[in-house]
Amino acid sequence: MTIRVVLADDQEMVRIGFAMILGAAADVEVVGRAADGVEAVAVIAETRPDVALLDIRMPRIDGIEVCRRVTEAGTRAVMVTTFGEPDYVDAALAAGASGFLLKDAGPELLLAAVRAAASGDALISPELTVDLLARNRAAGARDAEAAAALGELTAREREVARCVARGRTNAEIADELVISLGTVKTHLGAVTRRLGARNRVEVAAAVWAAGEMD
């Protein structure tokens with residue numbers, strides 16, 4: 001199935017760059033582009049994409065408001081921005097965003113975020129995930145259920161889970177633990193199944209909730 005995407009950013013070069021990255025993927029089609037929030041809402045309403053990539057700071061209507069409007073209409077939204085301030089992350093998630101990436105996250109994460117959103121999953125830039133989870137952990141008590149679930153992991157699986165909670169990519173985990181990328185993926189798959197998690201964000205959330213990162 002082809003994932004239909006609309007790009008909304010007030011910088012033309014960003015729109016061109018993202019379109020080139022997404023257009024090179026066999027399973028993604030860019031069906032519209034917009035230079036401001038009002039245009040984004042109109043283009044999304046006209047093309048009915050699966051996913052909208054939205055900048056936060058746009059003229060006329062900001063990306064957060066666009067996100068709120070289009071997600072209510074059934075389009076999944078991923079925020080892609082230069083600005084990773086906690087307030088922006090919280091506002092985007094509250095508005096229904098299915099992902100939040102920094103513009104320098106790279107092609108691999110951009111495509112992963114689009115695919116995750118299209119499948120009903122969520123992806124947040126690793127460095128933003130760590131900050132978000134740390135703030136949530138500071139606001140709450142240690143979760144005994146999460147701690148018990150982590151206790152069921154093998155020693156290596158637990159190491160991988162903690163690396164995910166620190167925002168490491170699979171390649172960085174492989175380097176840090178001196179194991180192959182394939183082995184990382186195998187362990188991460190086992191961790192996800194054992195914790196009943198749907199994605200890396202939920203794996204990281206479980207580790208932080210268990211107090212493993214204190």
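Computed from a prediction, not measured in an experiment: that's the story for all the values here.
Listed by chain and number, the residues in a side-chain contact (heavy atoms from CB on, under 4.5 Å) with E12 are R15, I16 (sequence neighbours excluded). The side-chain contact (heavy atoms from CB on, under 4.5 Å) search around R60 returns D36, V38, not counting sequence neighbours. A search for side chain to side chain donor-acceptor pair (under 3.5 Å) contacts involving D9 returns K103, not counting sequence neighbours. Judged as a side-chain contact (heavy atoms from CB on, under 4.5 Å), and not counting sequence neighbours, the contacts of L181 are N170, K185. Legend: residues meeting side chain to side chain donor-acceptor pair (under 3.5 Å) with Q11, ordered by chain and number and at least two apart, are absent. Scanning for salt bridge (charged side-chain N to carboxylate O under 4.0 Å, His left out) contacts around E172 gives an empty result, with sequence neighbours left out. Taking R156 as the reference, E159 meet the salt bridge (charged side-chain N to carboxylate O under 4.0 Å, His left out) condition, with sequence neighbours excluded. Contacts of T2 classified as side chain to side chain donor-acceptor pair (under 3.5 Å), with partners at least two apart in sequence or in another chain: none. Residues that satisfy the side-chain contact (heavy atoms from CB on, under 4.5 Å) test with A190, not counting sequence neighbours, are E157, R193.
Of all the heavy atoms in L110 and F18, the pair that sits closest is CD2-CD2, 3.7 Å.
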Side-chain donor-acceptor pairs of residues 19-30 under 3.5 Å, sequence neighbours excluded:
residue, atom, partner, partner atom, Å
D27, OD1, R115, NH2, 3.0
D27, OD2, R115, NE, 2.9

Under 3.5 Å, sequence neighbours excluded: what are the donor-acceptor pairs made by side chains of residues 66-75?
residue, atom, partner, partner atom, Å
R68, NH1, E65, OE1, 2.7
R69, NE, E65, OE2, 3.0
T71, OG1, C67, O, 2.7
T71, OG1, R68, O, 3.3
T71, OG1, A95, O, 3.2
T75, OG1, P49, O, 3.3

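Among pairs with a residue in residues 42-52, none fulfils side chain to side chain donor-acceptor pair (under 3.5 Å), at least two apart in sequence or across chains.
Formation of a donor-acceptor pair under 3.5 Å by the R76 side chain with backbone atoms of A117 is found in this model.
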